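None of the values given here were measured: they were computed from a predicted structure. In listed order, ligands and their atoms are each counted from 1.
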Amino acid sequence: MSEPLLKINHLTHRFGGLQALTDINVELTKGEIAGLIGPNGAGKTTVFNLVSGFYVPSEGDIILDGTRINGLKPHKIAELQIGRTFQNIRLWSDMTVLDNICIAQHSKLGYTIKDVFLNSKKFKENEKRIYDSAWELLEKFNLADSALDYPKNLPYGIQRRVEIARALSLNPKLLLLDEPAAGLSTTDLDGLIEYIKWIHDTFGITIWMIEHQMQVIMTLCSQIQVVDFGKEIAQGTPEEIRNNPAVIKAYLGNEEI
Ligand SMILES: Nc1ncnc2c1ncn2[C@@H]1O[C@H](COP(=O)(O)OP(=O)(O)OP(=O)(O)O)[C@@H](O)[C@H]1O
């Protein structure tokens, strides 16, 4: 069997006296769509913040494609090809959609402040390349019509698509989606599911998603992990999770699984 793309061993995290995660273990196979679910405050976003370098784990290891990445800064982890989106969309609302895509690319550039001030050939060439590839990306994602709009003026569903497109502009091999359906109406859910399927089929990447909308999770994921109070309570296929007594108990009174 091939090595997992992401392996998390005994991940534990404390915020001061608060034990947010205890002994979380995960293996993501290359190319799969996996889900991470659990009631509010269970620790899901903390897992993503640890994997993407926003927090340093108290204990445990996070291994991407054989390389230990815990403790690395977020930009280093992005360079190692982990992309992410956030529960509350984090686009620059006063910059156009096109500029939002372009600015993500600047983290990869090799020019110096001197290049920028002297408007050097290298600077101009890089800027043109970034601009052209951002247009290409927006066309590919069917977002070109919104390229010159400000995110704050766009419907929430389009903002969400732009945020996902921006994460993909950095060419990740693992994409973390933190509640992509948050804020969407139930009628937008089918469109989101199709969009994520299209991304998965087109780019062949591994996707790990946190989601409260069970329709999204159960339709897209081949494997689901459930956490409650910072600990894993179940792991399995959608069918296994739906019928797991511990999961039903954790969600009892909250929502249908
Ligand atoms: N930066 C922080 N400082 C202190 N406590 C935190 C911090 N971030 C999260 N927590 C706490 O850690 C626990 C897990 O939070 P986390 O946001 O990971 O849960 P979650 O499962 O993503 O919840 P939700 O589904 O509501 O987004 C909660 O008790 C939360 O209050």
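Residue pairs satisfying the side-chain hydrogen bond (donor to acceptor under 3.5 Å, both in side chains) criterion with at least one member in residues 136-157, sequence neighbours excluded, are listed as follows: Asp94-Lys152.
Evaluation of the salt bridge (charged side-chain N to carboxylate O under 4.0 Å, His left out) rule for Glu179 yields no partner, not counting sequence neighbours.
Salt bridge status for Glu3 with Lys30: absent, with no side-chain N to carboxylate O gap under 4.0 Å.
Pocket lining of ligand 1, defined as residues with a non-hydrogen atom under 4.0 Å away: Phe15, Leu18, Ala20, Pro39, Asn40, Gly41, Ala42, Gly43, Lys44, Thr45, Thr46, Tyr55, Gln87, Glu179, His212.
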Under 3.5 Å donor-acceptor pairs involving side-chain atoms of residues 186-194, not counting sequence neighbours:
{"from": "Thr187", "atom 1": "OG1", "to": "Ser185", "atom 2": "OG", "distance (Å)": "2.9"}
{"from": "Asp188", "atom 1": "OD2", "to": "Ser185", "atom 2": "OG", "distance (Å)": "3.3"}
{"from": "Asp190", "atom 1": "OD1", "to": "Gln215", "atom 2": "NE2", "distance (Å)": "3.0"}

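Listed for the Thr12 side chain is no donor-acceptor partner under 3.5 Å among the backbone atoms of Ser58. No donor-acceptor distance shorter than 3.5 angstrom exists from the side chain of Lys231 to the backbone of Ala42, with no hydrogens or angles considered.
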